[in-house]
Amino acid sequence: MKYAFMKLKTSQLEQIVYTGGDFAGGGGDMVEQKDEKSRKRRRLAWDDAPPKQPQEAKCGESRKQVLCRHVSPPKREDDREGHYVFNLGDNLTPRYKILSKMGEGTFGRVLECWDRQTREYVAIKVVRSMNKYREAAMIEIDVLEQLAKNDKGGSHCVQIRNWFDYRNHICIVFERLGPSLFDFLRRNKYSPFPVDLVREFGRQLLESVAYMHDLNLIHTDLKPENILLVSSEYLKLPGCKRISSDETHFRAPEVILGLGWSYPCDIWSIGCILVELCSGEALFQTHENLEHLAMMERVLGPLPEHMIRRADRGAEKYFRRSRLNWPEGAVSRESIRAVKKLDCLKNMLSQYLGCSRSSFIDLLHDMLRFDPSERLMAREALEHPFFRNSA
């Protein structure tokens with residue numbers, strides 16, 4: 001479970017788009033900030049002192065007992081990876097009571113807590129006590145505060161509730177949310193979404209990303225796991241199968257070719273997500289780069305020669321004589337079969353679409369262009385007929 005930035009609502013569902021938290025080296029989940037350096041921040045810290053505000057006593061309970069009830073637990077050593085060690089029912093500072101673990105990732109853990117001050121449930125990201133993760137967390141806080149500062153309403157961004165430094169762990173407080181979009185898909189057996197719901201999800205994803213891009217921020221890791229629903233309720237849809245999202249790749253071709261990240265990377269990821277919502281199946285179910293490129297060519301046509309020529313040294317091995325080294329370079333026959341079973345984008349989706357077929361396919365082709373300079377920008381995509389017209 002990851003926690004973060006953007007809030008989306010529909011009349012049918014409420015959802016959150018969340019930027020990932022693995023900012024430090026090796027992680028793929030990050031918000032990249034363009035053209036702006038992070039400012040230095042004053043460090044805040046908590047100790048084990050009881051809360052300053054008086055707490056309500058239970059029947060027969062003294063003030064001293066109240067204060068003891070809300071103090072932090074004895075200090076424990078972090079685990080070998082720098083994760084905070086806790087017991088359910090512990091206090092995370094006198095203000096927050098730990099109720100459950102919501103998830104864990106490279107960055108740390110997300111805990112469900114009760115906020116005694118606001119009397120509501122919250123989700124707290126407790127970052128690992130290693131310098132690279134602490135530094136990355138401070139960058140994340142800067143980004144969250146920048147999003148909140150510029151939010152004039154309607155940006156879908158979650159406001160950062162609070163943050164503090166507790167026993168060498170940066171802790172970031174968010175509102176508690178429901179399951180991820182991936183969990184939603186899994187509960188519904190990876191069922192295709194109705195086109196009207198795909199349209200609404202797409203509109204709000206693009207509105208959120210457009211807001212971030214306006215602030216010179218790139219998400220870089222949009223995928224169903226990083227989209228959280230506000231409500232735990234979900235629609236029941238007809239069944240369909242899909243493999244684990246752990247085997248799914250949402251990266252744009254320019255990233256695989258070593259040509260760098262920029263705003264169009266997010267548009268590519270949204271295009272992949274919309275295909276998955278429409279069909280119930282992830283578009284590119286692989287983490288192996290050559291197979292991924294072969295799948296792209298199978299669905300969208302050949303890669304442009306000018307992109308192949310500019311590929312960095314790490315990606316040169318995927319090509320021979322200016323064309324993809326496929327199937328010769330395949331790691332297995334199973335990999336070749338996985339690529340062969342794919343069809344062109346139009347044929348893949350035609351069975352799921354009604355009167356919106358033409359405009360939706362056209363939108364996807366414009367979002368999934370190989371050349372990032374030719375891809376639609378977020379605000380351009382919002383003006384596409386698929387979103388302007390219900391038919």
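Only this structure's heavy atoms are used, side chains among them; waters, hydrogens and symmetry mates stay out.
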Should [X] and [Y] be counted in the same cluster of Ile, Leu, Val, Met, Phe, Trp and Tyr side chains packed under 4.5 Å apart?
| X | Y | answer |
| --- | --- | --- |
| Leu88 | Val122 | yes |
| Leu92 | Leu99 | no |
| Met377 | Leu222 | no |

### Message
Go through it in stages, so that I can follow the logic: the residues are Asn188 and Phe193, the test is side chain to side chain contact (heavy atoms under 4.5 Å, CB included), and I'd like the CA-CA distance, side-chain angles, deciding distance and then a yes or no.
### Response
CA-CA 10 Å; Asn188 282 290; Phe193 280 20; 5.8 Å; no
### Message
The test is ring pair (Phe, Tyr, Trp, His ring centres under 6.0 Å); show your working for Tyr96 and Trp114 and say whether it passes.
### Response
CA-CA 5 Å; Tyr96 301 103; Trp114 174 253; over 10 Å; no
#### Entry: N-O pairing of Glu81 and Arg128 below 4.0 Å
no
### Message
Between the side chains of Asp165 and Arg134, is the shortest nitrogen-to-carboxylate-oxygen separation below 4.0 Å, so that they form an ion pair?
### Response
yes
Donor-acceptor contact present, side-chain [X] to main-chain [Y], <3.5 Å:
| X | Y | answer |
| --- | --- | --- |
| Gln204 | Glu200 | yes |
| Asp266 | Ile218 | no |
| Asp115 | Thr118 | yes |
| Tyr318 | Leu257 | no |
| Ser269 | Phe250 | yes |
| Asn226 | Asp221 | yes |
| Asp151 | Leu147 | no |

Measure across [X] and [Y] and return the closest heavy-atom pair with its distance rounded to 0.1 Å.
| X | Y | result |
| --- | --- | --- |
| Val127 | Ala137 | CG2-CB, 3.8 Å |
| Trp326 | Val339 | CZ2-CG2, 3.4 Å |
| Ala338 | Glu291 | CB-OE2, 4.4 Å |
| Ala252 | Met296 | C-CE, 4.3 Å |
| Arg167 | Ser72 | NH2-CB, 3.5 Å |
| Arg369 | Arg375 | O-NE, 2.8 Å |

Side chains of [X] and [Y], heavy atoms from C-beta outward: is any pair under 4.5 Å?
| X | Y | answer |
| --- | --- | --- |
| Ile124 | Asn162 | no |
| Pro179 | Arg187 | yes |
| Ile141 | Ile170 | yes |
| Trp163 | Glu145 | yes |
| Phe201 | Leu181 | yes |
| Val173 | Phe164 | yes |
| Leu382 | Arg203 | yes |
| Met367 | His384 | no |

### Short side-chain donor-acceptor distance under 3.5 Å, Asp183 and Ser180
yes
### Message
Can you tell me which residue among Arg76, Lys101, Lys97 is in a salt bridge (Lys or Arg N to Asp or Glu O under 4.0 Å) with Asp90?
### Response
Arg76
### Query
Hey, mind stepping through Asp78 and Asn168 against side chain to side chain contact (heavy atoms under 4.5 Å, CB included) and telling me if it holds?
CA-CA 10 Å; Asp78 295 333; Asn168 204 38; 5.6 Å; no
### Message
Parallel, tilted or perpendicular, judged at 30° and 60°: which one describes the rings of Phe86 and Tyr84?
### Response
parallel
### Message
Given Arg251, which partner from the list Trp261, Phe284, Trp268 fulfils the side chain to side chain contact (heavy atoms under 4.5 Å, CB included) test?
### Response
Trp261
When rounded to the nearest 0.5 angstrom, what distance separates [atom1] in [X] from [atom2] in [Y]?
| X | Y | atom1 | atom2 | result |
| --- | --- | --- | --- | --- |
| Ile270 | Leu368 | CD1 | CG | 10.5 Å |
| Leu277 | Cys272 | CG | SG | 11.5 Å |
| Arg176 | Glu120 | CZ | CD | 10.0 Å |
| Met348 | Leu283 | CE | CG | 5.0 Å |
| Phe174 | Ile160 | CZ | CD1 | 6.0 Å |
| Leu206 | Leu363 | CG | CG | 7.5 Å |

### Query
What about Phe386 and Phe360, are their ring centers closer than 6.0 Å?
yes
### Task
Begin with the C-alpha distance, continue with both residues' side-chain angles, and end with the deciding distance and a verdict on side chain to side chain contact (heavy atoms under 4.5 Å, CB included) for Asp366 and Glu380.
CA-CA 10 Å; Asp366 286 343; Glu380 290 175 335; over 6 Å; no
### Task
Assess whether side chain to side chain contact (heavy atoms under 4.5 Å, CB included) is satisfied between Cys265 and Thr220, documenting all intermediate values.
CA-CA 7 Å; Cys265 297; Thr220 78; over 6 Å; no
### Message
Can you confirm whether Glu334 is buried at CD, in the sense that more than 12 heavy atoms of other residues, nucleotides or ligands lie under 6.0 Å from that atom?
### Response
no
### Query
For Arg320, does the CZ atom sit with more than 12 other heavy atoms under 6.0 Å from it, leaving out its own atoms?
no
### Query
Taking only residues at least two apart or on different chains, which pairs with a member in residues 292-301 satisfy side chain to side chain donor-acceptor pair (under 3.5 Å)?
His249-His292
Using residues 303-315 as the side-chain source, report each donor-acceptor pair under 3.5 Å to any protein atom, sequence neighbours left out, with the distance given to one decimal.
residue	atom	partner	partner atom	Å
His306	NE2	Asp371	OD2	3.1
Asp312	OD1	Gly314	N	3.2
Asp312	OD1	Ala315	N	3.0

